[in-house]
Amino acid sequence: MSKHVLAQNQYGKAENRIVRIARRGGEDGAWHEIRDLNVSVALRGEYRDVHLTGDNGNCLPTDTTKNTVYAFAKEHGVTSPEAFAILLAKHFVTSQPVIREAQIRVEEFAWERIPVPTRKEQHSFVRQGQEVRTAQVTYSETTGLQVLSGLKELTVMNSTNSEFHGFIKDEYTTLQEAYDRILATKVTARWANSATAAADPEHDWDGSYRKARRHMLEAFAETYSYSLQQTLHAMACRVLDHVPTVNEVRLNLPNKHHFLVDLEPFGLKNDNEVYFAADRMYGLIEGTVHRDGVQPVIATSDWITA
Ligand SMILES: O=c1[nH]c(=O)c2[nH]c(=O)[nH]c2[nH]1
């Protein structure tokens, strides 16, 4: 027996990142709604033996608490962070006598739809309230003004219309081919403005920024994607097509992986509804697209994801 006193203690799986897609509207369910949550579970109760003697007889594994979160998202859906947390907290306390209290913390990341007026299906989203606009101006006696504009932290998601297959398979390849996956990325974009725009004191910088942003978003939403590389190219080309004062676009697109959660052990079918949102590691797709005949000027080696 320890001469010291075990005081407050709690345990559980923290930061379960979960994306729940609900398909509504019409027979084909083409109207998608997403809830994107970070759910932490803390259980309190009869845990003296676990700490003092190594007897785990009262210990519900943290792994089980994680599985419960994902299974509940499938079974009950996510109507609100509060309602989802209430369901979970009650479940833990009422299902195991040793659990006296359960605390569920939920952070919800808000997403807004990317409006695509030309289509009725709606499955493209932009995450609210994070994006940062950037500008870098260099003035040289010999070469004059160089104005780079851009943005970072613009997180977007398509909850369908993304596939990835037909890739090289070597002895280390385990990736399964995907015919319907989530495509999500946090866009860092920089674009080089023409010397004419830079020299024009009347140039509408806010207007060209809004236009470039809008066309990148529309291209992301409207491209049926077979790779993030293909989406990158479409986004950059769309900016060059619609913003005549932009000569070059460089994009840095981390592939924010979403893995389907295997719910079969709990007798539940996961019909592309419940995903584990991994924050790292991630694929990092980068590239520059410029007008023909223009010399690219945007640095390619910057460490701009940090
Ligand atoms: O869009 C993608 N491009 C890749 O190059 C790649 N590689 C990978 O594992 N997944 C993906 N997805």
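One-based numbering, in listed order, for ligands and for the atoms of each. Both backbone and side-chain heavy atoms feed into the values below; hydrogens, waters and symmetry mates do not.
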### Charged tip of Lys169 within 45° of Phe167 ring normal and under 6.0 Å
yes

#### Entry: Flag side-chain contact, heavy atom, 4.5 Å: Glu222 against Thr118
yes

#### Entry: atom 10 (N) of ligand 1 - nearest protein heavy atom and its distance
Phe164 CE2, 3.5 Å

### Closest candidate by heavy atom, reference atom 2 (C) of ligand 1, pool Glu163, Gln230, Arg181
Arg181

### Query
Leu228 heavy atoms, cut-off 4.0 Å: which ligand 1 atoms fall inside?
1 (O), 2 (C)

#### Entry: Nearest non-hydrogen protein atom, atom 9 (O) of ligand 1
Leu175 CD2, 3.4 Å

### Message
Below 4.0 Å, non-hydrogen atoms only: which portion of Leu183 touches ligand 1? Side chain, backbone, both or neither.
### Response
neither

### Task
With heavy atoms of Ser227 as the reference, note each atom of ligand 1 found under 4.0 Å away.
1 (O)

### Query
Counting only heavy atoms not in Lys269, do more than 12 fall under 6.0 Å of its NZ?
no

### Query
Which atoms form the tightest heavy-atom contact between Ala221 and Asn158, and what is the distance?
CA-OD1, 3.9 Å

### Task
Give the residue and atom name of whichever protein heavy atom lies nearest to atom 5 (O) of ligand 1, and the separation in Å to one decimal.
Gln229 NE2, 2.9 Å

### Summary
The residue among Lys152, Lys186, Arg213 that forms salt bridge (Lys or Arg N to Asp or Glu O under 4.0 Å) with Glu131 is Arg213

### Query
Considering only heavy atoms from C-beta outward, does the side chain of Arg20 approach that of Ile34 to under 4.5 Å?
no

